[in-house]
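Contents: one structure, followed by commentary.
Order of the sequence lines fixes the chain letters, A, B, ..., with proteins taken first and strands second; residue numbering starts at 1 for each chain.
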Protein chains: 2
Amino acid sequence: MDDLDRRLLDQLQRDAGQTLHELGELVGLSASAVQRRITRYRASGLLTREIAVLDAAKLGGMLFVVLVALERESHEHHRRFAERMRGTPEVQQCYELAGRWDYLVVLSTSDMARCRELGDELFQRDDNVQRYETMPVFDAVKTGLAVSLS
Amino acid sequence: MDDLDRRLLDQLQRDAGQTLHELGELVGLSASAVQRRITRYRASGLLTREIAVLDAAKLGGMLFVVLVALERESHEHHRRFAERMRGTPEVQQCYELAGRWDYLVVLSTSDMARCRELGDELFQRDDNVQRYETMPVFDAVKTGLAVSLS
DNA sequence: GTCGTCCACGCAAAAATCTTGCGCTTCGGC
DNA sequence: GCCGAAGCGCAAGATTTTTGCGTGGACGAC
């Protein structure tokens, strides 16, 4: 993991749609060298996948942020909760937290009503959820999954 | 925006690395038809960009969730705050919220110390930030930017 | 009904990109 | 100094993307 890797990965996090040649010019490598590095990232699991980013606003959808505190915190309870989050398509993101709350969940739904339904289904009905707080998102100021490569 | 579009976009949100032919098989179109639709998504701004997703854990980085409440809520104050978030590379995501908190910020840093520095720089020093609460992320249960296409 | 237009499709050729074999250089261990 | 491993660029070969073209269905005007 040298400086070339960092620059390349940083570039890929920003825009993975460029050609190998373009990427090569940006970091100072030939297309084939770039390609071999990317293959290595993929093989090592460092580069998980490539995804298309859609404009949520243009689709008329809404986002909600939900903070969740569990009642009991056993390993099994956590596993079950996580599994449910992973299995629900409207759950865009879910993080297990340290601190006052146990989970942060980001929901992407078509409207408010669907959010309420989901809240009911995922949190209200689960008697291991002690309390949860739902906040609608006014505006997605910045989105992305880019990790700091310092 | 028909059913084919929804299935195609859904697929692209999950994995944009497939060939047009593969995508075509999944939704029942030829490669060229798939391509023409994707070109349309791009032109209309619906498809913003394609990005590589890296495994944060494999890079040894940490994630933090920060909830922020502002002191004064004028348009200008919001604009300034948002601009600062957009301009900070370690700010992975930032959402303006309705409810008890004004912003949710996701930070990606190399370590705890850097998070503290950032918190200081971005929130502590800003006298329009009334209060903020930082929570380290134990585990990224689910990540992505996939929007519900109902 | 039927004509004409529009739009999206599939097919296939052309263009572009990705992949891989090869020879070269660099670097570290012995 | 010599050897092997690792990474590079170049260029040929394989694959994918892009585009031109002809076809067929939907729809409105007549």
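In this structure, A:Ile38 places its CD1 atom 15 Å from P of D:dG7, rounding to the nearest Å. Remark: C1' of C:dT26 and CG of A:Asp2 are 14 Å apart, rounded to the nearest angstrom. Nucleotide C:dT19 holds its C1' atom 16 Å from the CG atom of A:Leu23, rounded to whole Å. In this structure, B:Leu20 places its CG atom 13 Å from P of C:dG10, rounding to the nearest Å. Protein atom CZ of A:Arg36 is 10 Å distant from nucleotide atom P of C:dT20, rounded to whole Å. Nucleotide C:dT17 holds its C1' atom 18 Å from the CD atom of B:Gln18, rounded to whole Å. Rounded to whole Å, atom C1' of C:dC9 lies 11 Å from atom CG of B:Leu4. Note: NE2 (B:His21) to P (C:dC11) measures 10 Å, nearest angstrom.
In terms of polar N and O atoms assigned as donor or acceptor, the side chain of B:Ser32 comes within less than 3.5 Å of the base of C:dC11 in a complementary pairing.
Salt bridge A:Arg42/A:Glu50: present, at least one basic N to carboxylate O contact under 4.0 Å.
When heavy atoms are screened at a 4.0 angstrom cut-off, B:Thr19 is found touching the sugar-phosphate backbone but no base atom.
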Open item on the list: Before you tell me yes or no, could you show the steps for A:Leu67 and A:Leu104 under side-chain contact (heavy atoms from CB on, under 4.5 Å), namely the whole-Å CA-CA distance, both residues' side-chain angles and the distance that decides it to 0.1 Å?
Closed with: CA-CA 5 Å; A:Leu67 294 165; A:Leu104 167 73; 3.8 Å; yes
- [ ] Could you please spell out the steps behind the side-chain contact (heavy atoms from CB on, under 4.5 Å) verdict for B:Val106 and B:Phe64?
- [x] CA-CA 6 Å; B:Val106 179; B:Phe64 296 88; over 6 Å; no
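Regarding contacts with the backbone of C:dC9, a side-chain N or O of B:Arg37 is found under 4.0 angstrom from either OP1 or OP2. Contact annotation: B:Gln35 does not reach the phosphate of D:dT17 (side-chain N/O to OP1 or OP2, under 4.0 Å).
Between D:dG9, C:dC9, D:dT18, one nucleotide has an atom nearer to the side chain of B:Arg40 than all others, and that is C:dC9.
For B:Ser32 and B:Ser30, the side-chain atoms include at least one donor-acceptor pair closer than 3.5 Å.
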